[in-house]
Amino acid sequence: MATCPSRKFMECLQYAAFKHREQRRKDPKETPYVNHVINVSTILSVEAGITDEAVLMAALLHDVVEDTDATFEDVEKLFGPDVCGLVREVTDDKSLEKQERKRLQIVNAATSSCRAKLIKLADKLDNLRDLQINTPTGWTDERREQYFIWAKQVVDNLRGTNAKLELSLDDIFRQRGLL
């Protein structure tokens, strides 16, 4: 028998949709940004077989503090310390320069908790799938290729977390000539 999402999960989905409501992806169709966070949670549930609700909720919220006016305090108050801790673990410090944030993602990947690594793997998988078919508006082919190279460096430090996600990512890296 299938289980229904909990009330808290649905509230989390609604919160993510509300907070990201005005944002668009940089693809040519300007896809609603909320599709990305839903994809990340769905990849974890459907493809990776993750049933840990806090991980699935944190996946929905993984960009909410970084990209909206939401705070960690808001997330903790609404969804508890476990979900907030995961969101905190996968959130970049926007006060740092972009190149430093990217460098830290590579470095910090190896020491992240297993649950945070799952979210990072699913995030990279969704982003790379999108990049395979779309070049973001304003990006050169070279910048797009550099993203694949950087993402592989992050993923290499997340290995040993989930074989299914890692195989899917390796298929993409193989297609790009990175494996």
Geometric cation-pi criterion, Arg176 with Phe173: 6.0 Å, 45°: no
Would you call [X] and [Y] a side-chain contact if the rule is heavy atoms closer than 4.5 Å?
| X | Y | value |
| --- | --- | --- |
| Arg24 | Pro32 | yes |
| Val155 | Lys152 | no |
| Leu125 | Ile172 | yes |

Among residues at least two apart in sequence or on other chains, which ones pass side-chain hydrogen bond (donor to acceptor under 3.5 Å, both in side chains) with Glu76? none
Given side-chain contact (heavy atoms from CB on, under 4.5 Å), test Val34 with Arg21 step by step and report yes or no. CA-CA 7 Å; Val34 71; Arg21 70 191 179 281; over 6 Å; no
On the 0 to 90° scale, with breaks at 30° and 60°, tag the Trp139-Tyr147 ring pair as parallel, tilted or perpendicular.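 Trp139 vs Tyr147 ring planes: tilted.
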Per the ring pair (Phe, Tyr, Trp, His ring centres under 6.0 Å) rule, what does the pair list look like for residues 73-100, sequence neighbours excluded? Tyr15-Phe79
Do [Y] and [X] meet the salt-bridge criterion of a basic N to acidic O distance under 4.0 Å?
| X | Y | result |
| --- | --- | --- |
| Lys77 | Glu73 | no |
| Asp67 | Lys19 | no |
| Lys26 | Asp130 | no |
| Arg174 | Asp171 | yes |

State whether the side chain of [X] and the backbone N or O of [Y] hold a donor-acceptor pair below 3.5 Å, judged by distance alone.
| X | Y | result |
| --- | --- | --- |
| Gln14 | Met10 | no |
| Arg144 | Leu131 | yes |
| Asn134 | Pro136 | no |
| Asp74 | Thr71 | yes |
| Asp52 | Ala54 | yes |
| Arg103 | Glu100 | no |
| Glu66 | Lys94 | no |
| Arg159 | Ala110 | no |

Between the side chains of [X] and [Y], does any donor sit under 3.5 Å from an acceptor?
| X | Y | value |
| --- | --- | --- |
| Lys102 | Gln146 | no |
| His36 | Asp126 | yes |
| Asn127 | Arg25 | yes |

Search all heavy atoms of [X] against all heavy atoms of [Y] and return the closest pair with its distance.
| X | Y | value |
| --- | --- | --- |
| Ala16 | Leu61 | CB-CD2, 4.2 Å |
| Phe148 | Leu128 | CD2-CD2, 3.5 Å |
| Ile106 | Gln153 | CD1-OE1, 3.4 Å |
| Leu56 | Ile50 | CD1-O, 3.7 Å |
| Ile119 | Ala58 | CD1-CB, 3.6 Å |
| Cys84 | Val75 | CA-CG1, 3.8 Å |

Should Asp27 and Ile133 be marked as a side-chain contact (heavy atoms from CB on, under 4.5 Å) after you check the CA-CA gap, both sets of side-chain angles, and the distance that decides it? CA-CA 9 Å; Asp27 62 334; Ile133 55 174; over 6 Å; no
Is there a side-chain contact (heavy atoms from CB on, under 4.5 Å) between Leu104 and Asp92? Walk through the geometry before answering. CA-CA 8 Å; Leu104 286 173; Asp92 287 346; over 6 Å; no
If you group Ile, Leu, Val, Met, Phe, Trp and Tyr by side-chain heavy-atom gaps below 4.5 Å, do [X] and [Y] land in one group?
| X | Y | value |
| --- | --- | --- |
| Leu96 | Val65 | no |
| Leu78 | Phe72 | yes |
| Val83 | Phe18 | no |

[atom1] of [X] to [atom2] of [Y]: how many Å apart, nearest 0.5 Å?
| X | Y | atom1 | atom2 | value |
| --- | --- | --- | --- | --- |
| Lys117 | Leu165 | NZ | CG | 13.5 Å |
| Ser41 | Asp123 | OG | CG | 12.0 Å |
| Leu44 | Arg115 | CG | CZ | 11.5 Å |
| Lys120 | His62 | NZ | NE2 | 7.5 Å |
| Gln105 | Ser112 | CD | OG | 9.0 Å |
| Lys29 | Asn35 | NZ | CG | 11.5 Å |

Tell me, with the steps shown, if Met57 and Asp82 meet side-chain contact (heavy atoms from CB on, under 4.5 Å). CA-CA 10 Å; Met57 290 170 60; Asp82 191 25; over 6 Å; no
Mind checking what makes side chain to side chain contact (heavy atoms under 4.5 Å, CB included) contact with Thr137, not counting sequence neighbours?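 Thr137: no side chain to side chain contact (heavy atoms under 4.5 Å, CB included) contacts found.
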